[in-house]
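Here the structure comes first, spelled out in structure tokens, and everything after it is commentary.
When reading the values below, keep in mind they use all heavy atoms of this one structure, side chains included, and skip hydrogens, waters and symmetry mates.
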Amino acid sequence: MIIENFDNLIKAIRDKLAGKGFEIERYSKESCLFCNEKNVYKVELCAEDCKVYLYWKNKEGDIGEDWVRSAAWLFETPVSSNDINMICEDFVDVMDNNKRLAIRPKRKKEYSEKSADALFFANRLANIFPELRKEIFIEKEAYKEFRGSVFVEKNVLPKVLEVLSLENSDKKAERMLKLLSDLYKNSSLNIRSLIMMGIMKQIVKEEHADKVKKYTNEEFCKAWVAAGKFKDKKFVSQSKSKIKSILQKF
């Protein structure tokens, strides 16, 4: 079943990229290469981990050059058509926005899994808050590891609270909360922790809570209520096992 879902994802990506200069170079049951004039993208299924990844590298790079991971999503059965569409939109957004890259990028730092997840999360939020791109660049250049909890507290949380506070911002609030809800459903425990412990537990005002309830689902709200029990405690100081035990319930 997971192979069939992967086929459906590849077809969705192919259709979205139609007319944009991409071709399928190689396609197997768990991997597909998409190429344009400058870049090669690999969509790869890891059935054992129930995850699907997007990698890329420049055509003009060295033959042995490592793939750069650009995105990753959980791909657990059952995978709904909405899940496939969401993953497709994310992958295509990366591929289409990179289509004009003509130079080989610098080799990326070797981040730990936790930091890589935090960077992925920050990049997804930059679709809502484009001004985050500068802050992401500064964080990556200044520190050996991408400090997810610090970055969320200093750069993301204030923007989230501002959107929830502004009048006539319902469209942006809906888009923002839908992204957080979708990421919470489909991403790793590291990203779930950033969402709940770094952002949602700070949302306590009634008018803000009303918007959360309006634009997210019941599962997300239950996890949010659980995270609220830690309102007065520092996120970075929480026991990993305790956070894991809470979030794995939802």
Worksheet entry | Shortest non-hydrogen contact from Ala118 toward Gly148 | CB-CA, 3.5 Å

Worksheet item: Is the backbone of Lys172 close enough, under 3.5 Å, to the side chain of Ser169 for a donor and an acceptor to pair up by distance?
Response: no

Just distance, no hydrogens or angles: give the donor-acceptor pairs under 3.5 Å from side chains in residues 156-168, sequence neighbours left out.
residue, atom, partner, partner atom, Å
Lys159, NZ, Asn155, O, 3.3
Ser165, OG, Leu161, O, 2.8
Ser165, OG, His208, NE2, 2.9

Practice prompt. Check the hydrophobic clustering (I, L, V, M, F, W, Y; side-chain heavy atoms under 4.5 Å; chains of links allowed) and say if Val43 and Val68 are grouped together.
Written response: yes

Worksheet item: Where do Phe129 and Met176 come nearest, in terms of heavy atoms and distance?
Response: CZ-SD, 3.7 Å

Worksheet item: What closest approach, in Å, do Ala71 and Asp90 show between heavy atoms, and which atom pair accounts for it?
Response: CB-OD2, 3.6 Å

Item to complete: State, to 0.1 Å, how close Cys35 and Val40 come at their nearest heavy-atom pair, and which atoms those are.
Response: SG-CG1, 3.8 Å

Item to complete: Can you see which heavy atom on Thr216 is nearest to which on Cys221, and at what distance?
Response: OG1-SG, 3.4 Å

Worksheet entry | Check against side chain to side chain contact (heavy atoms under 4.5 Å, CB included), Ile13 and Ile87 | CA-CA 9 Å; Ile13 294 172; Ile87 297 169; over 6 Å; no

Worksheet entry | Trp56 side, atom CH2; Asn36 side, atom CG - distance, nearest 0.5 Å | 10.0 Å

Donor-acceptor list for residues 1-12 side chains, cut-off 3.5 Å, not counting sequence neighbours:
residue, atom, partner, partner atom, Å
Asn5, ND2, Met1, O, 3.4
Asp7, OD1, Tyr27, OH, 2.6
Asn8, ND2, Glu4, O, 3.4

Worksheet item: Is there a path of hydrophobic side-chain contacts, each under 4.5 Å between heavy atoms of I, L, V, M, F, W or Y residues, that connects Val94 with Ile128?
Response: yes

Worksheet item: Does a salt bridge link Glu218 with Lys222, judged by any charged N lying under 4.0 Å from a carboxylate O?
Response: yes

Discussion item. Let me confirm one number: the CE-CG distance from Met200 to Leu194, rounded to the nearest 0.5 Å.
Written reply: 13.5 Å

Discussion item. For the backbone of Leu54 and the side chain of Glu44, can you confirm whether one donor and one acceptor N or O come within less than 3.5 Å of each other?
Written reply: no

Worksheet item: Does atom CD of Glu131 have more than 12 heavy-atom neighbours, drawn from other residues, nucleotides or ligands, at distances under 6.0 Å?
Response: yes

Worksheet entry | Spacing of Ile199 atom CD1 and Leu180 atom CG [to the nearest 0.5 Å] | 5.0 Å

Item to complete: In sequence, state the C-alpha distance, the side-chain angles, and the governing distance for Met196 and Phe220, and then conclude on side chain to side chain contact (heavy atoms under 4.5 Å, CB included).
Response: CA-CA 9 Å; Met196 287 299 163; Phe220 186 85; 3.5 Å; yes

Worksheet item: In terms of side-chain geometry, is the basic nitrogen of Arg69 or Asp117 positioned less than 4.0 Å from the acidic oxygen of its partner?
Response: yes

Worksheet, complete the sentence: For Phe121, the ring-ring contact (aromatic ring centres under 6.0 Å, His included) test, sequence neighbours excluded, returns none

Worksheet item: Would a distance-only check, ignoring hydrogens and angles, find a side-chain to backbone donor-acceptor pair under 3.5 Å from Asp93 to Glu89?
Response: no

Worksheet item: Can you tell me how far the CD1 atom of Ile191 sits from the OH atom of Tyr184, to the nearest 0.5 Å?
Response: 12.5 Å

Practice prompt. Taking the side chain as every heavy atom from C-beta outward, state whether Glu139 and Phe137 have any atom pair closer than 4.5 Å.
Written response: no

Worksheet item: Do the side chains of Val212 and Val225 join up, straight or via other hydrophobic residues, at under 4.5 Å, putting them in one cluster?
Response: no

Discussion item. Could you walk me through whether Val52 and Cys46 satisfy the side chain to side chain contact (heavy atoms under 4.5 Å, CB included) test, starting with their C-alpha distance in whole Å, then the side-chain angles of each, then the deciding distance to 0.1 Å, before giving a yes or no?
Written reply: CA-CA 6 Å; Val52 63; Cys46 182; over 6 Å; no

Discussion item. Contact between Ile24 and Leu33 at the side-chain level, heavy atoms closer than 4.5 Å - yes or no?
Written reply: no

Item to complete: Decide side chain to side chain contact (heavy atoms under 4.5 Å, CB included) for Asp170 and Lys214; before the verdict, give the C-alpha distance in whole Å, the side-chain angles of both, and the deciding distance to 0.1 Å.
Response: CA-CA 10 Å; Asp170 279 10; Lys214 182 178 180 181; 4.2 Å; yes

Fill in: Cluster check Leu183, Leu74: I/L/V/M/F/W/Y, side chain < 4.5 angstrom
no

Fill in: Cation-pi geometry met for Arg147 and Phe151 (6.0 Å, 45°)
no

Worksheet item: Is Lys185 paired with Glu219 through a side-chain N to carboxylate O contact shorter than 4.0 Å?
Response: no

Discussion item. Between Tyr41 and Tyr55, is the ring pair (Phe, Tyr, Trp, His ring centres under 6.0 Å) condition met? List the steps.
Written reply: CA-CA 6 Å; Tyr41 298 88; Tyr55 299 93; over 10 Å; no

Worksheet item: With distance as the sole criterion, is a donor-acceptor pair present between the side chains of Asp83 and Ser80 under 3.5 Å?
Response: yes

Practice prompt. Please confirm whether the backbone N or O of Val92 pairs with a side-chain atom of Asp96, one donor and one acceptor, at under 3.5 Å?
Written response: no

Worksheet item: In terms of ring plane angle, is the pair Trp73 and Phe120 parallel, tilted or perpendicular, where the classes change at 30° and 60°?
Response: perpendicular

Worksheet entry | Smallest separation among heavy atoms of Arg192 and Ser187, with atom names | NE-O, 3.9 Å

Worksheet item: Taking 4.0 angstrom as the limit, do Lys211 and Glu174 come out as a salt bridge?
Response: no

Worksheet item: Considering only heavy atoms from C-beta outward, does the side chain of Ser31 approach that of Arg26 to under 4.5 Å?
Response: no

Item to complete: State, with a plain yes or no, whether a side-chain heavy atom of Met95 is found less than 4.5 Å away from one of Phe22.
Response: yes

Worksheet entry | Atom pair SG (Cys32) and CD (Glu25), whose distance is rounded to the nearest 0.5 Å | 10.0 Å

Discussion item. Let me confirm one number: the NZ-CG distance from Lys38 to Asn58, rounded to the nearest 0.5 Å.
Written reply: 8.0 Å

Practice prompt. Can you establish whether the number of heavy atoms outside Lys178 located under 6.0 Å from its atom NZ is more than 12?
Written response: no

Worksheet item: Does CD in Glu207 sit with more than 12 non-hydrogen atoms of other residues, nucleotides or ligands closer than 6.0 Å?
Response: yes

Discussion item. Strictly distance-based, threshold 3.5 Å: is any side-chain N or O of Ser181 a donor or acceptor partner for the main-chain N or O of Leu177?
Written reply: no

